[in-house]
Every structure is written in C-alpha cells, then in structure tokens.
Amino acid sequence: MRIGVLALQGASAAHVDVLRRLGAEAVTVKTPSDLDGVDGVVLPGGESTTISFLLDSNELRRPLAERLAEGMPAFGTCAGMILLAASAVDGRPDQRSLGLIDLEVRRNAYGRQVSSFEAPVRIAGEDLPMHGVFIRAPRIERMGEGVEAVATLDGDPVAARQGSVMVAAFHPELTTDRRLHARFASMVMRRGVQAA
C-alpha cells in the first residue's frame with residue numbers, strides 16, 4: 001500500500017510519519033510523476049489558496065483530478081478539506097476546488113490563528129473521543145446526500161466521508177491518535193483489493 005502526501009505547502013511531514021507508523025509506504029507528491037504507483041493521497045493542511053495555485057503551477061491539478069475521478073481514495077485535512085469540497089464560502093473567486101465531496105465549507109470559520117483551539121471530537125461508532133487540533137479550521141456548512149459524518153464537535157460535523165473521499169476540519173496528524181489515518185488506510189487497502 002503506497003500512499004502519497006501532497007507536499008506543495010503545509011503540514012505534509014506529519015502525515016507521512018503517521019502513515020509510516022501504520023505500516024504504509026508513504027511518499028511525498030510534488031510533481032505529476034510522483035503520483036505513479038500511488039494507491040491513495042492525503043491533501044494536508046496549509047493555506048488552501050496557495051495549495052490551489054501550486055497545483056496549477058506544478059501541473060498537478062489535472063493528473064491528480066484524473067486519478068481521483070478514477071476512484072483513488074483521498075483524505076483531506078483542514079485546507080485539504082476545502083480543496084476537496086464541492087464549494088467554499090468566503091473563498092477567493094480565483095480559487096478552484098476539486099469538488100469531490102458534496103460539502104459546502106466556510107474557510108477560517110472557527111477564527112484566525114489566534115483563535116486556534118483543541119477539543120475532544122466524537123468519532124462515529126466509537127466511544128473514546130479523539131483529541132482535535134483546530135488551526136484556522138474550516139466549518140462544514142452543508143452536507144449533501146450520501147455524505148456521512150465521521151466525527152462531530154458539539155453535535156456539528158467536523159469530519160465527513162463520501163465514497164472514496166474522507167475529510168477533516170482539524171489536524172489528526174498533530175496528535176498520537178491514528179484512528180482517522182487508520183480508517184483512510186483501510187479505505188485504500190479495500191480499494192486495492194477490489195481492483196485486484
């Protein structure tokens with residue numbers, strides 16, 4: 001199982017570390033050829049507008065979109081959630097989304113950098129809460145049909161999944177709790193088994 005972590009800008013190294021600890025072969029993705037042989041991809045936190053522009057300047061948007069359209073699993077955290085969502089409220093007009101999960105999200109909805117916070121989030125189907133690190137986090141404003149809540153904070157969804165795409169408004173890679181990454185790795189593994 002080979003999982004790529006988009007490494008154009010933002011917190012890619014922490015995702016690589018978590019995935020390797022889970023037993024996956026984790027590699028960074030900076031160019032189209034880096035996508036070769038990758039079974040799944042993580043779109044990390046960072047600045048969504050900057051990452052969007054770098055996808056274009058590095059000629060990665062089209063090959064990444066093609067692989068994702070073929071069903072390659074993706075996991076987006078914070079800015080990655082914004083990039084994967086169908087639409088972003090308060091986004092720049094020239095910012096382009098990949099539009100792979102039927103969500104409307106609001107950028108920086110929990111406040112700017114100084115308003116960052118940590119709080120326990122509830123993971124669907126599990127009793128033990130997960131420590132959530134929210135840094136300039138987006139908020140899920142609307143979930144479309146077929147989108148399931150993966151985690152909630154005070155009853156509001158903060159992680160979601162639709163088909164082969166999972167997203168989180170917070171940063172699970174900044175904690176020792178690997179459950180969301182493990183869920184994503186399972187999605188990648190199941191997809192590989194189905195394709196074999």
Ignoring hydrogens and angles, write down the donor-acceptor pairs under 3.5 Å from the side chains of residues 140-154, residues two or more places apart or on other chains.
from : atom 1 : to   : atom 2 : distance (Å)
E141 : OE1    : R106 : NE     : 3.4
E141 : OE1    : R106 : NH2    : 3.4
R142 : NH1    : D102 : OD1    : 3.3
R142 : NH2    : D102 : OD1    : 3.0

Donor-acceptor pairs are to be reported for all side-chain atoms of residues 7-17 against protein atoms at under 3.5 Å, with residues two or more places apart or in another chain.
from : atom 1 : to   : atom 2 : distance (Å)
Q9   : OE1    : E47  : N      : 2.9
H15  : ND1    : H181 : NE2    : 2.9
H15  : NE2    : T77  : OG1    : 3.2
H15  : NE2    : E173 : OE1    : 3.4
D17  : OD1    : R21  : NE     : 3.4
D17  : OD2    : R21  : NE     : 3.0

Sequence neighbours excluded and cut-off under 3.5 Å, please list the side-chain donor-acceptor pairs for residues 31-45, or say none.
from : atom 1 : to  : atom 2 : distance (Å)
T31  : OG1    : S33 : OG     : 3.1
T31  : OG1    : D34 : OD1    : 3.4
T31  : OG1    : D34 : OD2    : 3.2
D34  : OD2    : K30 : N      : 2.8
D34  : OD2    : T31 : N      : 3.0
D39  : OD2    : R2  : N      : 2.9

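By the criterion of side-chain heavy atoms lying less than 4.5 angstrom apart, applied directly or through intervening Ile, Leu, Val, Met, Phe, Trp or Tyr residues, V105 is grouped together with L55 in one hydrophobic cluster. By the criterion of side-chain heavy atoms lying less than 4.5 angstrom apart, applied directly or through intervening Ile, Leu, Val, Met, Phe, Trp or Tyr residues, V188 is not grouped with L64; the two fall into different hydrophobic clusters. No continuous path of ILVMFWY side-chain contacts below 4.5 Å connects M1 to L22, so the two sit in separate hydrophobic clusters. Under the 4.5 Å side-chain heavy-atom criterion for grouping Ile, Leu, Val, Met, Phe, Trp and Tyr, F53 is not connected to I51 through any hydrophobic cluster. Connection of L6 to L19 is not established within any shared hydrophobic cluster, with ILVMFWY side chains joined at heavy-atom distances below 4.5 Å, either directly or through further cluster members.
In this structure, E59 places its CD atom where only 12 or fewer heavy-atom neighbours from other residues, nucleotides or ligands lie under 6.0 Å away.
Sorted by first and then second residue, the side chain to side chain donor-acceptor pair (under 3.5 Å) pairs involving residues 63-72 (not counting sequence neighbours) are R62-E66. Counting only residues at least two apart or on different chains, the ring pair (Phe, Tyr, Trp, His ring centres under 6.0 Å) pairs with a member in residues 159-180 are F134-F170.
Scanning for ring pair (Phe, Tyr, Trp, His ring centres under 6.0 Å) contacts around F184 gives F75, with sequence neighbours left out. Considering only residues two or more places apart in sequence or on other chains, D56 meets the side chain to side chain contact (heavy atoms under 4.5 Å, CB included) condition with R61, R96. Every residue two or more places apart in sequence or in another chain that forms a side chain to side chain contact (heavy atoms under 4.5 Å, CB included) with P120 is listed here: P129.
Formation of a donor-acceptor pair under 3.5 Å by the S186 side chain with backbone atoms of A182 is found in this model. A donor-acceptor distance shorter than 3.5 angstrom exists from the side chain of D177 to the backbone of R179, with no hydrogens or angles considered. The closest donor-acceptor contact from the side chain of S97 to the backbone of S87 lies at 3.5 Å or more, if one exists at all.
Closest approach of A137 and A169 over heavy atoms only: CB-O, 3.4 Å. Here the shortest heavy-atom pairing between G71 and R191 reads O-NE, 3.1 Å. Taking both residues in full, the closest heavy atoms of I135 and C78 are given as O-SG, 3.5 Å, listed atom of the first, atom of the second, then distance. Scanning both residues, M187 and G163, for their nearest heavy atoms gives CE-O, 4.0 Å.
Residues I123 and R183 have side chains in contact (heavy-atom distance under 4.5 Å, counting atoms from C-beta outward).
Taken to the nearest 0.5 Å, the CE atom of M166 stands 5.0 Å off from the CG atom of L180. In this structure, the separation between CG on L84 and CD on Q162 is 11.0 Å, given to the nearest 0.5 Å.
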Would you check, one step at a time, whether the test side-chain contact (heavy atoms from CB on, under 4.5 Å) holds for V29 with V5? CA-CA 6 Å; V29 173; V5 178; over 6 Å; no
Full working for side-chain contact (heavy atoms from CB on, under 4.5 Å) between S164 and M72: CA-CA 7 Å; S164 61; M72 179 176 70; over 6 Å; no
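When each of L103, I82, L83 is paired with V167, the side chain to side chain contact (heavy atoms under 4.5 Å, CB included) condition holds for L103 and for no other.
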